[in-house]
Amino acid sequence: MSTLTHDIDRPFQAERPAGISEAYKARLQRIALQALTLLSMASVLTALIALKTAIHVWRLQT
C-alpha cells in the first residue's frame, strides 16, 4: 500500500519545476508583441474601412 501513496507524503513544492528559462520568456514576449501588433494593425485597417465607407455614404446623399 505504501507504493500507491508514496507521493502523498511529499510536500507540493518539492515537485515544482525550477522555472521558465529566459530564452522561453523572451520567445513568449516576442510572440505576445507580434500578436498585439497584428491586432492593432487590424483595428486600424477596420477604422480606415469604416471611415472610407462613411465618406462614400455621405457623398452619395448630397
How does the hydrophobic cluster around Leu45 look, that is, which other residues are in it when side-chain heavy atoms under 4.5 Å mark a link? Ile49
Tracing side-chain contacts under 4.5 Å among Ile, Leu, Val, Met, Phe, Trp and Tyr outward from Leu48 reaches Val44
Fellow cluster residues of Leu33, listed by chain then number, with links counted only when side-chain atoms sit under 4.5 Å apart: none
Run the side-chain donor-acceptor check on residues 21-31: report pairs under 3.5 Å with partners two or more places apart or on a different chain.
unit_1 : atom_1 : unit_2 : atom_2 : d
Ser21  : OG     : Tyr24  : N      : 3.3

Please name all residues satisfying side chain to side chain contact (heavy atoms under 4.5 Å, CB included) with Ile55, sequence neighbours left out, ordered by chain then number. Leu51, Arg59
